Amino acid sequence: MKTASVIVDVAAMQTDRPFDYEIPDRWREVIQPGMRVIVPFGPRHVQGFVLDVKEETEGRKLKPIIEPMDIVPVLNEELLSLADWLTIESLCFKISALQVMLPAAMKAKYSKVIRKTGEQPIHPEMETLFNNREEIPWEEAADAGKLAHIRKEVKNGSLEVIYSVKSKGRKKTVRMVKCTLSDTELSETVEIMAKNAVKQKEALLFFSGRTNQWLTLKETGISSATAKALIEKGYLQEKQEEMYRDPHSGQDFESDTPLVLTENQKEAITPILDAINEGTSGTFLLHGVTGSGKTEIYLQSISRVIEKGQEAIVLVPEISLTPQMTERFKRRFGNDVAVLHSGLSIGEKYDEWRKISRNEVKVVVGARSAVFAPFQNIGLIIIDEEHETSYKQEENPRYHARDVAIQRSAFYNCPVILGSATPSLETYARAKKGVYTLLSLESRVNDRPLPAVDIVDMREELREGNRSMFSRSLFDKLKDRLEKGEQTVLFLNKRGYSSFIICRDCGYVAGCPNCDVSMTYHRHRHQLKCHYCGYEELAPSVCPECGSEHIRHFGTGTQKVEEELLKLLPQARIIRMDVDTTGTKGAHERLLRKFADKEADILLGTQMIAKGLDFPHITLVGVLSADTMLHLPDFRSSEKTFQLLTQVSGRAGRHTLPGEVVVQTYTPEHYSIQLAAEQNYESFYQQEMMMRKMGGYPPFYYLALITVSHEEAVEAASAANKIVTKITPSLSPAAVILGPVASPIARINNRYRWQCLIKYKREPNLTDVLKEVLEHYSKKGKSNGLMVSIDIHPYVLM
DNA sequence: AGCACGCCGACT
DNA sequence: GTCGGCGTGCTC
């Protein structure tokens, strides 16, 4: 008997292992590892992934596979073994590792219906529920509160429950027709057709000269009613043809040709091309300031890979995955490029994924999950803006795209390029140690000077009586740009895009009733919303604590900046970009387009405007509050501040006009601000490494974060304590365990959270020990209401 | 995760 | 005496 071992789509500790199934004879030659199948699992049907196919000798009685969901495997051997690796590295369930590699369209959609068997009469009460139908959806019975009745009827055999499994997304098809007659037959047929069949005759005549050719119904211009009649008469044949949805329909990309590289670029690209040619794995850090021409190096490296008959993956942060950016790849590589980003519909992503899987494209440009692109012969993986934290997934499987890229490159013996102007400390340290190869692009293409940076001490401004959010320096420069007709970008370095609500009399802050966080205020609907649990309520107009009417939204949101700006400079045309103004699809693009077309003088926004903007008329960049994120309880806050300020400064003067940058701050002496102004990465690196060494943080130590949650604070705390006691003896004395302490966000969704942080250098046992912890608490904790989550190499410590 | 089974309290 | 609450254990 041929059998398959299958991972079922049930994410739980107890089901996190393969289950064996019989392969029915009709699928003997079809079912292969890497395919999705539908299998019976207990009383229901679920999706599963075939890991292995084998010939079984011992005569176990196994349930047979119900049917395959794919004709060809959706995961190749490399991806299957990558899933093994990911499962171990990130401590996730195998099923999560498999699912993350596929587009959402391929996730299973489950439904249940209750059907009459017809063998026995059913209870009159049931008849009313069925209301003359043969089957009804499960939900309908559940809503009617009849599940207990149903169960009884199922037992005595008068009803049955049918479980169905489908893929979420579907292939898009188009109806095609062809005329089966020869040209002579065609004209004869038209002769003998009824006089009143005008449309049908017209339709047939359309085919003269092109019979036996498949054409889409649309191309023929025939109505579906006419087509139906002709098909019935046997003159036409029809079929459904699979087609791709085209997110770029109607767009033409002018092709471009490789640029001539500068000496600097040539030096940097040579080792990469050598690695590609020789087929050796290895990680390169391409360190170059904005405007130093990293992208051209990517493009030419990819060209080499394509010439060699291999494929390339390019990862970019979601936020900079703009058409502006992807166009560059489309222009160079034309139809060989697939693009994967969150703006695509589920169906569009599915189509792009299939193009990759079928090798119809050579290059994929996409965000984090594109690192799993199902190519068969990868020649290069590029991660642009390597330092971006969005490469780390914050839900299971908690993977970092950089680690996955390096793992895949080892399989394919191909290089990885990490590109950044401000590499993460971890990466730069590895490059210095020689683990990665450091390639530096020292100069900007065309040797354009870096913009002059003016750091303004806002404490000084206040002392001298300027209480506005604009320093005199920034304000003067703003006015000057307005007069000259040049453009300005104002950057609000702040995470809370919307503000919170505070009472000016008693200091009450509107917090979420379920979580220990303040809720954010959404002006358009006058609502308060919790970003952790989704709770919403109407914003109060009087303080619920003291009854004061002086309760209002507070915090310098972009809206507030805009208001003040309009007061001071009423003639300024402002585009505001934040969550409120970019909510609708394509709004982001539209606003940027407007700014590019010089329909506005000032672009005001948050994080989202820091990347990829490249407009010739920007000559001033203002950072309103450079240090807001510096004071977050996060050991990476200096690094993030430095990266952001460096990034933002790079926006000014990228073209012929010289640029200026004004950075407003309350801590002008801080090294991350000073060194960002100088664009001095090397010194920042030295300084920050010292801080990390003192604090015992990466890259000197690795981190693992354990978070325990429970409805009762005491339970969470005691479990966290027990976990620490349990793991301490299993680790070497060099490991440091911090905590347990209450999490910085002590409660989410009415669950209290405690955490402990493990700092370690070399702990070969660690994942095993942590896995034991998870197993232990999944058994015992379930009845107890306890939840344990573990994040290896965390980026969010809250 | 579901889903069934099974064992105890509150009702006709 | 039954209905239905949710603790327990299993799913090839």
Side-chain angles (χ1 to χ4, degrees), chain A residues 1-25 27-28 31 33 35-69 87 91-100 107-115 123 125-126 137-139 141-157 159-166 168 395-397 709-711 715 749 774-789:
Chain A
M1 179 176 65
K2 214 168 177 185
T3 67
S5 77
V6 174
I7 297 290
V8 292
D9 180 19
V10 180
M13 193 59 86
Q14 285 169 299
T15 52
D16 188 28
R17 63 187 173 83
F19 288 82
D20 293 336
Y21 289 89
E22 177 195 332
I23 300 178
D25 281 342
W27 308 122
R28 257 189 94 83
I31 286 176
M35 274 186 183
R36 297 174 304 151
V37 288
I38 298 172
V39 292
F41 196 63
R44 51 202 174 121
H45 294 175
V46 298
Q47 188 188 60
F49 288 84
V50 177
L51 290 191
D52 238 331
V53 170
K54 49 200 173 192
E55 200 67 45
E56 168 124 345
T57 42
E58 43 185 310
R60 281 188 296 170
K61 43 187 189 306
L62 299 175
K63 287 189 185 176
I65 286 175
I66 291 166
E67 60 175 322
M69 295 178 83
T87 305
L91 294 167
C92 69
F93 300 131
K94 187 64 143 290
I95 188 67
S96 315
L98 294 165
Q99 307 258 45
V100 78
K107 274 193 86 176
K109 206 174 80 186
Y110 298 102
S111 64
K112 285 183 280 186
V113 294
I114 301 157
R115 183 186 291 168
H123 194 275
E125 212 178 303
M126 286 289 109
W138 174 276
E139 289 72 24
D143 290 346
K146 293 284 189 287
L147 288 186
H149 271 95
I150 304 270
R151 203 157 298 150
K152 229 192 259 169
E153 302 271 359
V154 169
K155 244 187 193 162
N156 74 28
L159 290 179
E160 59 182 338
V161 182
I162 311 284
Y163 293 83
S164 91
V165 186
K166 281 197 202 106
K168 241 184 206 159
E395 61 207 48
N396 273 326
S709 74
H710 194 279
E711 285 182 11
E715 294 291 329
N749 230 338
L774 283 178
E775 270 164 24
H776 180 77
Y777 282 95
S778 78
K779 274 190 212 119
K780 192 186 146 234
K782 213 173 148 194
S783 52
N784 197 12
L786 203 72
M787 277 184 353
V788 181
S789 86

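Bear in mind that the values here come from a model prediction, so they are computed numbers and not experimental data. A, B, ... follow the sequence lines: proteins, then strands. Residue 1 opens every chain.
Set against C:dC10, B:dC3, C:dG4, the side chain of A:Gln14 has C:dC10 as its closest nucleotide. The nucleotide whose nearest atom lies closest to any side-chain atom of A:Thr15 is, among B:dC3, C:dC3, B:dA1, B:dA1. The side chain of A:Asp20 lies closest to C:dC12 when the candidates are C:dC12, C:dG4, C:dT11. Nearest nucleotide to the side chain of A:Leu62, out of C:dC12, B:dA4, C:dG4: C:dC12.
When the P atom of C:dG4 is taken as reference, atom NZ of A:Lys152 falls 8 Å away, rounded to whole Å. Per the geometry, CE belonging to A:Met13 stands 17 Å off C1' belonging to C:dT11, to the nearest Å. Whole-Å rounding puts the A:Lys61 NZ to C:dT11 P distance at 11 Å. The interatomic distance linking A:Lys63 (NZ) with C:dT11 (P) rounds to 9 Å, in whole Å. Atoms NZ (A:Lys155) and P (C:dC3) sit 12 Å apart, rounded to a whole Å. Atom CD1 in A:Ile65 sits roughly 13 Å away from atom P in C:dC12 (whole-Å rounding).
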Are any protein N/O atoms closer than 3.5 Å to N/O atoms in nucleotides 10-12 of chain B? If there are, list each pair with its distance.
none

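In this structure, A:Phe41 forms an aromatic stack with the base of C:dT11, since both conditions hold: centre separation below 5.5 Å and plane angle below 30°.
Using the six-membered ring where Trp is involved, A:Phe19 and A:Phe41 have ring planes that are perpendicular, over 60° apart on the 30 and 60° scheme.
Within 4.0 Å (heavy atoms only), A:Pro18 reaches no atom of the nucleic acid at all. Heavy atoms of A:Tyr163 sit under 4.0 angstrom from primed sugar atoms or phosphate atoms, though from no base atom.
Within 3.5 Å, a donor on the side chain of A:Arg44 pairs with an acceptor on the base of B:dA1, or the reverse.
Taking A:Asn749 as the reference, nothing meets the side chain to side chain donor-acceptor pair (under 3.5 Å) condition, with sequence neighbours excluded.
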